[in-house]
Structures are given as structure tokens and as C-alpha cells.
2 protein chains.
Amino acid sequence: MQPTGHGHMNRVVTLTDVARLAGVSVATASKALNGRDQVKDSTRARVQEAAARLSFSPNRLARGLLAGRSGTVGLLTSDLEGRFVLPILMGAEDAFGAGQVNVFLCDARGDTIRERYHLRALLGRRVDGLLVVGRQTDPRPSLGRDIGVPVVYAYAPSDDPADLSLVPDNIGAGRLAVEHLLACGRRRIAHVSGELVYSAARDRAQGARERLAQEGLELVGDVMYGEWSERWGRDATAMLLAQHPEVDAILCGSDQIARGALDTARDLHRTVPDDIAVMGFDNWEVLTTNARPELTSIDANLQQLGHTAAQRVFAALEGIDIGSGEQALPGRLVIRGSTVARQ
Amino acid sequence: MQPTGHGHMNRVVTLTDVARLAGVSVATASKALNGRDQVKDSTRARVQEAAARLSFSPNRLARGLLAGRSGTVGLLTSDLEGRFVLPILMGAEDAFGAGQVNVFLCDARGDTIRERYHLRALLGRRVDGLLVVGRQTDPRPSLGRDIGVPVVYAYAPSDDPADLSLVPDNIGAGRLAVEHLLACGRRRIAHVSGELVYSAARDRAQGARERLAQEGLELVGDVMYGEWSERWGRDATAMLLAQHPEVDAILCGSDQIARGALDTARDLHRTVPDDIAVMGFDNWEVLTTNARPELTSIDANLQQLGHTAAQRVFAALEGIDIGSGEQALPGRLVIRGSTVARQ
DNA sequence: AACGTCGCCGAAAAGGTTTTCTGAATGTAG
DNA sequence: CTACATTCAGAAAACCTTTTCGGCGACGTT
């Protein structure tokens with residue numbers, strides 16, 4: 001074809017070529033390159049040089065076929081769009097890439113049919129393990145027990161307790177948030193959150209209430225469930241401050257909602273944090289570090305969660321029992337100016 | 001092991017098993033399942049039933065080894081974190097997934113060493129093609145001409161004109177933005193943008209200037225280059241309005257900057273859009289649809305770009321010449337309340 | 001009855017690598 | 001010089017699927 005152009009067509013170099021150049025058999029070449037003994041040092045050097053000269057890289061298809069394991073894992077997401085999937089994916093890719101494992105990415109886009117289709121494809125590729133990442137913390141249907149490879153669920157837990165699921169600890173996050181507000185001297189705390197159908201919203205509210213109860217306190221008013229949006233944050237905060245002007249802290253179910261709360265507080269000339277403290281969840285840096293004042297938030301450590309999930313898959317590959325059920329990973333408080341005045 | 005538990009250990013079913021159950025040879029079984037002729041209908045049915053009963057799925061490693069093509073492509077990103085990579089990735093995954101192709105995801109995290117490492121790994125896996133996605137529109141070093149498989153660069157173009165690169169048309173986007181502001185009756189347009197070192201910032205400014213020149217107009221003041229942040233948008237807008245109170249439109253280099261501009265305008269009691277029009281780039285919905293008023297923006301159609309890039313890789317796999325050089329894909333104007341008062 | 005044709009199935013090879021086993025050569029001890 | 005251990009290289013099988021080619025039986029034709 002094009003001898004100097006992009007040579008898509010030149011046959012790729014195989015172990016046979018290396019062996020021929022080094023003047024040995026393929027068996028010896030293989031052993032030399034894989035560091036097995038029974039090869040004289042001089043021979044090994046010759047083979048290695050030949051491999052380097054031809055820039056040989058072993059065909060992992062053939063290796064996988066023989067070994068019975070491909071050295072790949074499937075990453076099955078229900079929704080790439082979601083803001084929460086990406087950090088998990090990064091953490092997982094990072095953990096896998098450190099080994100010799102490569103990752104197949106599949107996006108089912110919330111469609112069960114497509115999910116089963118991708119599952120079949122991945123199993124056909126003989127992935128050694130599966131990581132299933134959902135977009136909500138609400139349980140999702142299990143892939144089943146007879147997949148043939150270890151499966152770990154991240155963010156969205158499986159509804160089968162025999163599966164292992166890694167989820168963020170939203171109840172703990174709610175407690176942590178209230179803990180911080182209490183430490184800031186706040187006592188009249190209201191909670192504006194997202195949609196009630198999300199267990200993340202309910203869990204955070206529960207954690208918040210529990211921690212308050214521990215001090216003999218209650219939330220000011222009912223939890224205001226609405227949308228996960230800045231707009232709802234603005235509107236809800238306006239209603240809240242009209243009805244309960246005495247609140248000294250607004251715990252928001254997400255950073256977006258908190259941004260809305262900050263806007264409304266500013267509109268109403270309530271100073272943050274002196275007059276009212278505001279905080280959010282998720283620690284979405286684009287939102288938190290550009291807010292006025294910068295926004296205190298609870299980081300769910302999602303990248304860590306992805307990393308841990310990948311390590312669990314790894315462990316399962318090694319034959320180690322990784323347990324089952326839901327394991328909740330703690331969040332982390334990130335303090336900024338919206339709860340603590342900077343000096 | 002655990003006969004009823006998660007059976008990771010049970011040998012996976014192979015074509016031989018199917019053939020034995022159906023009482024035919026593996027050759028016949030293969031032909032039956034792959035829809036080739038030379039198989040009696042009744043035999044084919046028997047094989048299909050056997051395959052279904054054993055839930056057989058052919059080993060794509062073996063198939064790939066034989067066919068010389070693996071049916072996979074590598075997606076090499078320089079940075080998963082970036083906001084621009086994800087939509088491209090979605091578009092690409094979508095396009096590939098529609099075929100029989102699966103995608104290996106690799107994140108080099110902006111590190112050249114890691115990139116070469118991943119490249120080797122992907123070539124060892126015998127990917128049929130590569131899609132390289134960068135995080136900036138500035139040129140990046142080519143992977144080289146002798147990869148052995150077709151490569152398409154998306155978002156960040158290759159510095160080798162012999163490679164094919166798909167990039168957003170930022171100059172056109174700048175023109176498009178000014179076009180819209182002119183259509184809204186604005187004549188005194190200022191431009192607040194991000195970091196000068198980004199070609200995206202320079203290109204958009206260039207496009208804006210070109211379109212203004214076409215009307216015999218110029219930007220009000222110099223382009224204000226700064227950070228891609230809300231904070232900079234606020235500060236720059238404050239300076240701008242102090243120095244040039246007569247501006248009737250602020251074109252912002254990103255939606256984040258535009259959000260900052262909106263904030264400052266509100267602080268200074270300048271009404272948007274009646275007094276000043278504001279618009280951004282990128283159409284980041286979280287920011288645009290929650291702004292007050294909602295933010296007009298230019299969408300770079302990144303998902304489309306990823307889709308197109310994937311199709312180019314596909315075409316190259318089919319042996320079709322996909323050309324070379326930079327191909328710029330047009331953006332799309334999304335009109336919202338920050339430039340046009342809603343009736 | 002002999003022959004050609006057609007439809008269907010199976011044997012075998014190929015793809016690239018790893019591993020096991022055999023065998024050759026060299027060195028060492030008796 | 002023989003017996004034996006040791007070191008290193010190669011032959012061959014295995015992994016699973018697809019494809020090619022040969023063969024076999026049935027059928028139709030002369």
C-alpha cells in the first residue's frame with residue numbers, strides 16, 4: 001500500500017518473527033521474554049534485543065485464549081451523563097490501569113435491554129470481572145448470580161444481598177453535616193433537599209435528624225423536598241426565610257441547591273455565614289469554590305469509592321472472598337466560607 | 001466450590017459443548033450459529049436450541065485471533081476530569097456500541113509517559129483503531145505514523161497534518177455568537193474570556209472580531225483574558241462596567257464566566273437582557289438553565305463530535321480513506337433569556 | 001446400471017502464545 | 001571410560017473458533 005504513509009496494512013510482528021531473528025525457537029523466545037528460567041543469559045539477551053528491534057508486543061488475544069483469563073474487566077454504567085458516575089469511573093480506571101488490566105466501557109443509558117446486550121458482549125469478550133456503576137444510590141436489579149465472573153456494584157447497590165455493593169454513606173454524611181453546623185454554634189437548622197424519591201435525599205435527612213436528636217434538637221420546619229436544582233434552592237430558601245426567619249443554618253441536599261440558597265440569602269440581605277450558615281453535599285468544585293462565599297460541603301469521596309470497588313474486583317480475581325451486602329463508604333467534610341467566616 | 005453460590009469457577013461453555021449436545025461437529029455448529037448455508041434447517045434449529053440451552057456465547061478472543069481483528073477500539077483520553085471529554089466519550093461509545101465494537105477506556109491523565117504505556121497496552125490487545133481525545137483545542141503531539149491502526153484525534157488536534165483531527169469550530173462559534181448579539185440590536189459588545197494560552201479563547205475572540213468587522217464595528221475595549229471561572233467573570237465584569245458603562249452586551253468565553261457576569265450585573269442593578277445582554281460558550285446546562293435569567297450559549301455539539309469521530313474510525317476499519325488534517329465541526333446557538341427577553 | 005449433480009456434514013488447518021515434556025550436550029564423579 | 005546429573009533448547013499440545021475442502025449419500029438423467 002503506502003510504504004511511507006500510515007501503514008495500516010503491514011503485518012504485525014509475532015513471536016515467530018522474534019524467534020527467527022534471534023535464531024531460536026518460539027518456545028525459547030517465549031521463555032526468554034517472560035523471565036522464565038531454563039534459558040541461558042546470552043540467549044535471553046539475544047531474544048530481548050530482537051524483540052526490541054522489531055518492537056514486538058505479545059498478542060494478548062492469544063495469551064488470553066490460552067490462559068483462560070483475558071486481563072480485562074467490564075465497566076457497565078447506567079448513565080455516563082450523570083455527575084456521579086465520572087469520578088467513580090476515574091477511580092476505577094486508575095486502579096485497574098495500575099495493574100495489567102484494561103477496561104471495557106459500556107454505557108447502558110438507563111436501558112435494561114441495552115444493559116443485557118452489553119453484558120452478553122462483555123461475557124463474550126471473556127472479561128474477568130465486572131463493575132456496575134449506577135447513577136442513583138437507590139437499589140437496582142441484580143445482574144444475577146450466575147454471571148460466571150465476580151461482580152461489584154458501585155453507587156447504586158444491587159437488590160440482591162448476595163451481591164457486593166459499595167455505596168456512599170449518606171446517613172453518615174447527614175450526621176457529619178449537622179455535626180459541623182452544631183460545632184459552628186448553630187441550633188436552628190433547616191433542611192432543603194432534592195427529590196423525595198431519591199434515597200440519597202431521604203438518607204441525608206435521616207442522618208441530619210439523628211444527629212440533631214442526639215442533642216435534643218429538631219429540624220426547623222419540615223424537610224423541603226423539591227428538585228436537585230439551583231432554582232429550587234432559591235425558591236425554597238425564599239419560602240423558608242419567610243416562614244422561619246429565625247433559622248441560623250440551611251443544610252442543602254446538594255451544592256446546586258446550596259448555590260440557590262446563597263443567591264436568595266444575598267437577595268434578602270442576609271449575610272452568610274454571620275447571619276445564616278449554608279452548606280451543601282457533593283463538593284462539586286465548580287460550584288463550591290466559585291460561590292460567594294465559597295461553599296462548605298460534604299464530599300462523598302467517589303473517586304475513592306471507584307478505586308475501592310476496582311480493588312474488590314481485583315481481589316475477587318485473585319480468588320479472595322470479597323464478601324457481600326452493602327458497604328457504605330464515609331464522606332468527608334470540606335469547610336469553606338459559607339459556614340465559617342474566614343479571618 | 002460453592003455449587004449454589006456465585007459460581008465463578010464453573011468452566012465456561014464452548015462450541016464443542018454445543019456441538020456435542022446437538023450431536024454434530026463443531027464445524028457444523030459454527031456454521032449453523034453464524035447463519036452460513038450448507039446446513040440443513042432442522043440441524044441448524046437443533047444447534048441453536050442447544051446453544052440457547054447452554055447459554056453459549058462465542059469466545060471473541062478466539063474469533064479475534066483467527067480473524068486478525070479484535071472488534072475493539074481504544075479510547076485514549078488525556079483527562080477524564082475535564083468537562084469536555086465526557087460528551088465526546090458518550091458520543092463515541094454510542095456510535096461504537098451500535099456496531100459489534102467494544103471500547104477500551106484509557107485515561108493518561110495528561111501524562112505522556114502514561115499515554116505511551118497505554119498505547120502499548122492497547123496495541124498489544126490488537127485494537128482495530130484508536131480515538132484520541134484531548135482536553136484542550138490546542139494541538140497535541142501526534143502518536144506517530146506507524147501505529148499500524150487508524151487513529152482519529154478529537155477535540156485536541158494532532159500536530160501532524162497527516163493525521164485526521166476533528167475539532168470544534170471555535171472561530172465559527174465566535175462569529176455565531178456575535179451574529180446573534182447583532183441580531184438582538186447590540187452594537188457595543190465587550191468580550192470577557194478565559195486564559196490567553198488556550199486557543200479556544202483566542203479563536204472565539206477572533207471569530208467575534210471578524211463578524212464585528214463585517215459590520216464595521218469593533219469590540220468595546222480589549223478582550224479581557226483571565227481564568228475560566230465564575231470569579232473572574234464577576235471581577236472582569238465589574239472592571240468592564242466601571243470603565244465602559246456604555247456596553248450593551250457582554251460576550252463571555254465560557255458559561256462559568258457568564259454566570260459571574262450575570263452576578264455582577266445584578267449587583268450593579270443592571271438588568272439583563274434589557275440593559276445588557278450576556279451570553280456564554282459551551283452550553284453547560286447545569287449553569288445555563290439555572291441562571292437568572294437563563295443563559296444564552298453556544299453549544300459545541302461535542303456529543304456529535306464524538307459520534308462523528310467514531311464513525312470515521314469505523315470507516316477507516318472498512319478500508320475507506322478518511323482524509324487528514326483538521327476538520328472543524330460547527331457549534332449551535334441556544335437562545336435563552338439572557339439575550340432575549342421572554343414575552 | 002452408470003454417471004453426474006447437489007446438499008449436507010465433518011476433518012483439518014489456521015491464528016499466536018504458553019507450558020510441558022523430551023532430548024541433547026556438557027560437565028562431574030566413580 | 002562409564003554412569004549420571006545438570007543445563008538449556010526445541011517439539012508439540014493446548015486454548016477456541018472459523019473456513020476450506022473433501023467426502024458421502026441421495027437423487028436425477030441417459
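Chain A is the first sequence line, chain B the second, and so forth, proteins listed ahead of strands; every chain is numbered from 1.
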Separation of atom [atom1] in [X] from atom [atom2] in [N], rounded to whole Å:
X       : N       : atom1 : atom2 : value
R60(A)  : dT17(C) : CZ    : C1'   : 12 Å
L33(B)  : dT17(D) : CG    : C1'   : 11 Å
D41(B)  : dG7(C)  : CG    : C1'   : 12 Å
N59(B)  : dT18(D) : CG    : P     : 9 Å
Q100(B) : dT17(D) : CD    : C1'   : 16 Å
L65(A)  : dA14(C) : CG    : P     : 17 Å
L123(B) : dG16(C) : CG    : C1'   : 16 Å
K40(B)  : dG25(D) : NZ    : P     : 14 Å

To the nearest 10 degrees, how far apart in direction are the end axes of the helix from dA1(C)-dT30(D) to dG30(C)-dC1(D), each fit to five base pairs?
70°
Just checking D37(A): base, sugar-phosphate only, or nothing, at a heavy-atom cut-off of under 4.0 Å?
nothing
Looking across every strand, which nucleic acid part, if any, lies under 4.0 Å from T14(A) by heavy atom: base, sugar-phosphate, or nothing?
sugar-phosphate
Does anything in residues 42-58 of chain A reach DNA chain C, meaning a heavy atom under 4.0 Å, and if so which residues?
F56(A), P58(A)
Can you see whether S158(A) engages S165(A) through a side-chain donor-acceptor pair at a distance of less than 3.5 angstrom?
no
The side chain of [X] is closest to which nucleotide in this list: [options]?
X      : options                   : answer
L66(A) : dG15(C), dC15(D), dC9(C)  : dC15(D)
L15(B) : dT18(C), dA9(D), dT17(D)  : dT17(D)
A27(B) : dA12(C), dA11(D), dC16(D) : dA12(C)
K31(A) : dA9(D), dC15(D), dT19(D)  : dA9(D)
T28(B) : dT19(D), dG10(C), dT18(C) : dG10(C)
R63(B) : dT17(C), dT17(D), dG16(C) : dT17(D)
R36(B) : dT17(C), dT19(D), dC16(D) : dT19(D)

Which heavy atom of [X] sits nearest to which heavy atom of [Y], and what is that distance?
X       : Y       : answer
L329(B) : L305(B) : CD2-CA, 3.9 Å
D107(A) : R109(A) : OD1-N, 2.9 Å
I322(A) : A315(A) : CG2-CB, 3.8 Å
R69(A)  : L317(A) : NH2-O, 3.1 Å

Nearest-nucleotide 5' precedence on DNA chain D, V39(A) against Q38(B)
V39(A)
Which residue, R126(A) or G23(A), contacts DNA chain D at a nucleotide closer to its 5' end, judged by nearest heavy atom?
G23(A)
Check whether any side-chain heavy atom of T137(B) lies under 4.5 Å from a side-chain heavy atom of F84(B), and answer yes or no.
no
Can you tell me how the ring of F96(B) sits relative to the ring of F314(B), calling it parallel under 30°, perpendicular over 60° and tilted otherwise?
tilted
Sidechain-backbone polar pair: T308(A) side chain, Q304(A) backbone, donor-acceptor under 3.5 Å
yes
Counting only heavy atoms from other residues, nucleotides and ligands, does the tally under 6.0 Å from CD of Q327(A) exceed 12?
yes
Under the criterion side-chain contact (heavy atoms from CB on, under 4.5 Å), I'd like the reasoning laid out for V132(A) against V151(A): C-alpha separation, chi angles, the key distance, then a yes or no.
CA-CA 7 Å; V132(A) 181; V151(A) 184; 3.8 Å; yes
